[in-house]
Amino acid sequence: MAITSWIRTFPLFQYFIAWTQELFMSVLKTGPVPQHVAFVMDGNRRFARRRKLEVREGHSAGFESLAHILEMCYQVGIKVVTVYAFSIENFKRPTVEVDALMEIARTKLLQIIHHGDLADRFGISIRVLGQRSMIPPDVLAAIDKSTEMTKKNTTAILNICFPYTSRDDIATSMREIVTKSEKHELDPETIDESLLEQNMYTKDCPPLDILVRTSGVERLSDFMLWQSHQNCTVEFVNCLWPEFEPWRFGSILLKWSRSKAVEFRKREMERDQKQL
Amino acid sequence: MSPAAASLGNLKTRPSPSQSSAISSSSSSSKRSSDMGATKSKRSAGFITRTKDFLFINLVPLGTSPTQIPTNFFQLIIFHIYHTVLIFLHIFVSFYFLFARQYYLAKNNFLAFLYHHHRTPQLIAQDIKGLAKTPQHVGIILNYKENEEGGGIEGLMEQVADIASWSIGACVKTLTVYERTGKLNKLHEATYKVINRTLKSYYGETIPVVKLRTPHDKTVYPEEIVTEPDLNIAFISQEDGREFLVELTREFAYKAAKGEFDASKVTVDNVDGLANQLVITEPELIVLFGPKLDLDGFPPWQIRLSEIYYAPYNDSVTYNVLLRGIRRYSKCKINIG
């Protein structure tokens, strides 16, 4: 609309928006805040098609959107953010696109290394989860370097799932446990849910609180199946990932914060009733 | 909460150990005051320290992470100002939900009226006639309601019978019924009677054949069937979810420890084959009949590509929800990769 684009031309508009965002995050921080949030960044190709851009530019726009959302997450104090960057199934896409994605991954990781933008400002340590054997060697080198560089940060964790499928995650965890049992390093009696979780790629992370999927698709598509099937809020958002505005994510956080506060209050009341 | 608290402890937090042990995201105020008692006795219990502790710790609401506890007076004021704003925002969201709930309830009721099955299979067939594809395997998640009207075990059986009748009308071949506590898992005979009674009201005297099974107990009802059943119903519960994968790992580990099993054989395809064989195959559509999207422990392995459908603020098992789920499934594009 004409009015909103006119308002956007005001000199301090961006500054005002950033200030409002920080204020909102500070307000949210005084209540329950999720510890682990996961994103499925779906809709980059459709975005490119709609705006008549190349697919590569759709993925770039998606990365910009990711940077904004990550900034919000770490401002509000979310400890772990997991992002679904690339699925093992995506290797079946045309080679041009796969190469473009690998290129984006490599350049963006190098950018993070050289400038240290987001990573050092918020104390993020970057981890790449998934089947390392399927990644081309130059991207693997960039990944190892960025992981090494950000290892000293302990405030927050960014998990990039590249390439990852949840079933592969679970099967790898099972295989590791069985291998350890074969070598008699592990007693099969002690195998339970938490042992399986400790052998998955997301081993040191708190349980998943929110899973957000964009582009209106209402499936899990082999992402975080084990973590999201109980005690997790799954949100399906009906806009494409590059269009996933900060206010949408802010409203999801607010809803979650309210439902958790209601849950704590209910638990407190039940406990008081039991004491009576 | 121990893995969460342990990982919180790994990452750097600002407050002192006594405070961080007292506050975790689900701690109770009584636990807080008992820990307060411990810290009080450690320091000399002066009046000023006691008020300070009261102001800074006990007035902080539940659920606030330990890093947010204010450490001086100015921060305390700011904290409470922000928290008041948050409470007002919560109230605003509650009002929004109030209106949203009314809208969705009205929409549900209207659609229930519009798409009523009237116990006529032809109407159901008409409803799905124009759809590009219909699911062959549908999974549903039911909630056991103990003290409500239409609840209890009989309520569950009625719900299953209704869903079975609609599914047969919609040409669904397999139905998986998930109820977290598995109340219906051992009640095949009674459920079969209720299903047949409902089917008679839909189809008259020649009713379609239904076969029930519980994968966990490996039971099938009725045991001998002459013709191919029109609908296979599987009853699963929480133990078919994560616990199944844990059991599988344990069995593999026992065999590997004895040297009878090679660990490299644990691949995605092998586990997939076993999961499909011993529990259920992958449902194409999952319909939730609760008010919000809560997967409630449905087996994680099999839902990787399932379309998940639910009607917001809905709490009853109605035909129009199932129909809308089938319609959603028919419109979705599944690209693997």
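Below, chains carry the letters A, B, ... as their sequence lines are ordered, and counting in each starts from 1.
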Given that the side chain runs from C-beta out, which part of B:F261 has a heavy atom under 4.5 Å from chain A: side chain, backbone, both or neither?
both
Identify whether the distance between the nearest side-chain nitrogen and carboxylate oxygen of A:R167 and B:E282 falls below 4.0 Å.
yes
Toward chain A, the part of B:D262 with a non-hydrogen atom under 4.5 Å:
both
What part of B:R328 gets within 4.5 angstrom of chain A, counting heavy atoms only: side chain, backbone, both, or neither?
side chain
Heavy-atom cut-off 4.5 Å, strictly under: side chain, backbone, both or neither for A:K260 against chain B?
neither
Looking only at the side chains, is there a donor atom on one of A:S221 and B:R304 sitting less than 3.5 Å from an acceptor on the other?
no
So for A:Q227, is it side chain, backbone, both, or neither that comes closer than 4.5 Å to the heavy atoms of chain B?
backbone
Exam field: side chain A:H229 to backbone B:F298, donor-acceptor pair closer than 3.5 Å
yes
With side chains defined as the heavy atoms from C-beta onward, is the minimum distance between A:R175 and B:T267 less than 4.5 Å?
yes
Ion pair check, A:R219 and B:E284, cut-off under 4.0 Å:
no
Distance only, no hydrogens: is a donor on one side chain within 3.5 Å (strictly under) of an acceptor on the other, for A:E218 and B:Y329?
no
Pick one of side chain, backbone, both or neither for A:T179, based on which atoms fall under 4.5 Å of a heavy atom in chain B.
both
